[in-house]
Undergrad: 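The following block contains the structure, expressed as structure tokens.
Start at 1 with the first residue, then count along the sequence. Counting starts at 1 for both ligands and their atoms, in listed order. Source: prediction; values computed, not measured. Side chains included, hydrogens not; waters and symmetry mates left out as well; all remaining heavy atoms used.
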Amino acid sequence: MIQPRLLTRRLFQQASPLQSLSNHAGRPIRTSILRSQARRSYAASGEKGPRPIPGQSPFKIWPFLAIILAGSGSYMLLVKSRTDMAAAAQASKSSGQIAAPKKDTPTFSSDKVTVVFVLGGPGAGKGTQCANLVRDYNFTHLSAGDLLRAEQDRPGSEFGQLIKDYIKDGAIVPMEVTVQLLENAMTETLSKTKDGKGRFLIDGFPRKLDQAVKFEESVCKAKFVLFYDCPEDVMEKRLLKRGETSGRTDDNAESIKKRFKTFVETSMPVVDTYDKEGKVVKVVANKSPEDVYAETKKKIEGRI
Ligand code: C5P
Ligand code: MG
């Protein structure tokens with residue numbers, strides 16, 4: 001079992017993923033408020049105001065001139081504050097999104113390191129099948145969910161509460177956290193080898209396209225995706241049964257429903273994308289664990 005290490009400094013240098021989300025969400029709202037304020041002050045600036053009538057006493061014009069001056073002044077102030085706000089938003093956007101340095105090549109070469117992604121809905125049996133594959137094919141099993149739970153429970157973790165909230169809600173944790181945890185675990189495993197060679201089953205990952213892109217770009221290219229296809233009613237029964245003893249905060253009816261929704265809307269597009277590239281090995285997973293494993297072995301022979 002891989003012990004999760006501290007997230008590296010690279011991860012801590014990044015702003016909190018939540019912070020960068022709020023930067024994205026906040027900027028357009030503020031800008032639109034300012035725009036509408038600016039429009040209001042155009043109207044207030046006297047476009048519809050009375051014009052001086054030739055021949056009339058100039059003293060009657062003063063109140064209107066004063067309104068025009070005040071209106072123009074406040075408009076200028078609004079324009080300035082809008083410009084300042086845009087600059088501040090830009091600055092906070094760039095500082096809030098300091099991503100890990102972009103790498104041109106992944107940390108691990110696929111000549112030395114084999115990565116197989118293992119996907120399937122919650123309760124499809126990924127963990128059970130991975131244990132069989134570890135026994136027979138000398139893989140190291142890394143479960144993204146297990147690594148996230150360990151990081152959540154690590155005393156002093158900056159991301160503990162964030163991970164807890166996402167998991168309970170069946171939502172996908174911001175990918176920087178998960179990708180970094182996986183890279184750390186792979187580094188630790190490979191550091192114990194003489195030649196830096198290894199085989200990894202990465203279970204429950206990538207659950208979202210951005211995780212897939214980031215991992216393959218910066219950590220390692222994946223060889224193929226093992227996809228366990230299982231109907232929801234079977235998965236639900238398994239999860240509720242597991243919930244009797246697992247102690248997991250998300251093995252309850254309400255969280256399970258959210259997890260299914262996330263799987264269909266966010267994770268299936270990952271499977272479909274890899275399928276188009278001919279990289280998906282699909283195994284029907286509603287049978288007994290033994291039968292599912294027999295089909296798994298048959299289907300992966302020749303691919304590993
Ligand atoms: O795979 P597992 O069911 O253990 O995942 C539990 C939870 O961990 C998911 O529902 C999700 O909240 C989070 N997770 C994630 N990204 C992953 C894997 C798991 O956000 N790649
Ligand atoms: Mg699992």
Undergrad: Here's a test for you: under ring pair (Phe, Tyr, Trp, His ring centres under 6.0 Å), which of Tyr228, Phe227, Phe215 qualifies with Phe117?
TA: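 The single option meeting the ring pair (Phe, Tyr, Trp, His ring centres under 6.0 Å) with Phe117 is Phe215.
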Undergrad: For a salt bridge (charged side-chain N to carboxylate O under 4.0 Å, His left out) with Asp229, tell me which candidate from Lys126, Lys299, Lys282 qualifies.
TA: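 That would be Lys282; it is the only one of Lys126, Lys299, Lys282 passing the salt bridge (charged side-chain N to carboxylate O under 4.0 Å, His left out) with Asp229.
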Undergrad: So which heavy atom in the protein is nearest atom 9 (C) of ligand 1, and how far is it from that ligand atom?
TA: Arg207 NH2, 3.6 Å
Undergrad: Under a 3.5 Å distance rule, please check whether Lys279 uses its side chain to pair with a backbone N or O of Lys223 as donor and acceptor.
TA: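 No.
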Undergrad: Among all protein non-hydrogen atoms, which one is nearest to atom 7 (C) of ligand 1, and what is the separation to 0.1 Å?
TA: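 Looking at atom 7 (C) of ligand 1, the protein heavy atom closest to it is Ile167 CG1, 3.9 Å.
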Undergrad: Could you tell me which atoms of ligand 1, counted from 1 in the order shown, lie closer than 4.0 angstrom to a heavy atom of Gly145?
TA: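 Here the atoms of ligand 1 in question are 4 (O), 5 (O).
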Undergrad: Does even one non-hydrogen atom of Ala171 get within less than 4.0 Å of ligand 1?
TA: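 Heavy atoms of Ala171 do come under 4.0 Å of ligand 1.
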Undergrad: Indicate, as side chain, backbone, both or neither, the part of Leu148 found under 4.0 angstrom from ligand 1 when only non-hydrogen atoms are considered.
TA: side chain
Undergrad: Is there a heavy atom in Arg149 that sits closer than 4.0 Å to ligand 1?
TA: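 Checking ligand 1 against Arg149, which is what was asked, there is a heavy-atom contact under 4.0 Å.
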Undergrad: Which atoms of ligand 1 have any heavy atom of Val173 under 4.0 Å away?
TA: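 Near Val173, the atoms of ligand 1 are 15 (C), 20 (O).
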Undergrad: Please state which part of Arg248 comes within less than 4.0 Å of ligand 1, counting heavy atoms only: side chain, backbone, both or neither.
TA: side chain
Undergrad: Salt bridge or not for Glu295 and Lys287, using N-O below 4.0 Å?
TA: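 A salt bridge is present here (some side-chain N lies under 4.0 Å from a carboxylate O).
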Undergrad: Please round to the nearest 0.5 Å and tell me the distance separating atom CD1 of Ile256 and atom CG of Leu240.
TA: 4.0 Å
Undergrad: Would you call Asp169-Lys258 a salt bridge at under 4.0 Å N-O?
TA: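 Here Asp169 pairs with Lys258 in a salt bridge, since their nearest N and O are under 4.0 Å apart.
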Undergrad: Below 4.0 angstrom from a heavy atom of Arg259, which ligand 1 atoms are there? Numbered from 1 as shown, please.
TA: 3 (O)
Undergrad: Measure the distance from atom 16 (N) of ligand 1 to every protein heavy atom, then report the residue, atom name and distance (to 0.1 Å) of the closest one.
TA: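 Its nearest protein heavy-atom neighbour is Gln211 NE2, 3.3 Å.
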Undergrad: For Lys126 and ligand 1, does the shortest N/O to N/O distance drop below 3.5 Å?
TA: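 There is no such contact.
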Undergrad: Is there a side-chain hydrogen bond (donor to acceptor under 3.5 Å, both in side chains) between Asp250 and Tyr166 once you walk through the steps?
TA: CA-CA 10 Å; Asp250 57 350; Tyr166 273 82; over 6 Å; no
Undergrad: Starting from atom 18 (C) of ligand 1, which protein heavy atom do you reach first, and at what distance in Å?
TA: Gly204 O, 3.1 Å
Undergrad: Checking side-chain polar atoms at under 3.5 Å, does Thr107 have a donor or acceptor matched by the opposite partner on Glu183?
TA: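 Yes - a donor-acceptor pair under 3.5 Å links their side chains.
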